[in-house]
Amino acid sequence: MYLTEVIVVAIGLSMDTFAVSMASGLCRKSFGRAVVLRAIFSLAVFQAGFAAIGWRLGIGFQHLIANFDHWVAFVLLAAIGGKMIWEALQGNKTSQTFDITNWYVLLGISVATSIDALIVGMGLGMLATSILESALVIGVVTLCFAAAGFIIARRFGLRALGKKAEVLGGLVLIAIGTKILFEHLH
């Protein structure tokens, strides 16, 4: 997988953290800088870490599915993307109150937004992608999107953008999965 593809996948994965950051920023009048930085770094570290764990699992299964790994990557990315789109269109996740000053809530949000990265990491492992570079890119992109979510919420208070961002992220993941499948079939 090329760096540009990893960046695009990272952007798709970051839409959940973007939406959660924005929802957190909208739900409270103010946060101290330390609280926001802790949240941003927690979201980024978990996203990168779960991708690395998934990569290790994917490497373990690579020899078993080498002949159809592209289909697995496609199905995983399409399922994650579809799930993101479905949840964005059906739920009110961005309007829920997330008290990120509570360590348990922050931990729960960090894990919940990183489950998709675990599955994507498995796909990266099956494709024998460099995990150090990929996890770093995923972490940095997540950090940037989480920061952007807080900034946008504080400056503009746009509640509707969260769902649109998740739909876009889902579409991006489906497109990457389709591209991987297309490349391997042709």
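Just so you know, residue 1 is the first one in the sequence shown, and it goes up from there.
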Which hydrophobic side chains are connected to L136, either touching it within the sub-4.5 Å cutoff or through other members that do?
V140
With sequence neighbours excluded, residues passing ring pair (Phe, Tyr, Trp, His ring centres under 6.0 Å) with F41:
none
Can you name the nearest heavy-atom pair linking S21 to L43, along with the distance?
OG-CD1, 3.6 Å
At their closest point, which heavy atom of A48 faces which heavy atom of A135, and how far apart are they?
CB-O, 3.3 Å
Can you spot which of V8, V141, D116, I119 makes a side chain to side chain contact (heavy atoms under 4.5 Å, CB included) with L13?
D116
Kindly write out the residues that satisfy side chain to side chain contact (heavy atoms under 4.5 Å, CB included) with V75, not counting sequence neighbours, or none if the list is empty.
none
Mark yes when over 12 heavy atoms from residues, nucleotides or ligands other than L185 sit less than 6.0 Å from its CG; otherwise mark no.
yes
Step-by-step side-chain contact (heavy atoms from CB on, under 4.5 Å) determination, I174 to I85
CA-CA 10 Å; I174 292 170; I85 293 168; 4.0 Å; yes
Residue set satisfying side chain to side chain contact (heavy atoms under 4.5 Å, CB included) with I7, at least two apart, ordered chain then number -> L3, I11, V137
Are I109 and L37 co-members of a hydrophobic cluster defined by side-chain heavy atoms under 4.5 Å apart?
yes
Single-linkage hydrophobic cluster V35~V45, side-chain heavy atoms < 4.5 angstrom
no
Between OG1 on residue T113 and CE on residue M15, distance to nearest 0.5 Å
13.0 Å
Considering residues at least two apart in sequence or located in another chain, which fulfil the side chain to side chain donor-acceptor pair (under 3.5 Å) criterion with S14?
T142
Under the side chain to side chain contact (heavy atoms under 4.5 Å, CB included) rule, collect the residues that match up with R56, sequence neighbours excluded.
I59
Between S42 and S110, is the side chain to side chain donor-acceptor pair (under 3.5 Å) condition met? List the steps.
CA-CA 6 Å; S42 177; S110 296; 2.6 Å; yes
Residues that S114 engages under side chain to side chain contact (heavy atoms under 4.5 Å, CB included), provided they are two or more places apart
F46, Q47, F50
Pairs under 3.5 angstrom only: tabulate donor-acceptor contacts from the side chains of residues 143-151 to other protein residues two or more places apart or in another chain.
none

Can you see which heavy atom on S134 is nearest to which on L124, and at what distance?
CB-CD1, 4.0 Å
What are the two closest non-hydrogen atoms of I138 and A51, and how far apart are they?
CD1-CB, 3.8 Å
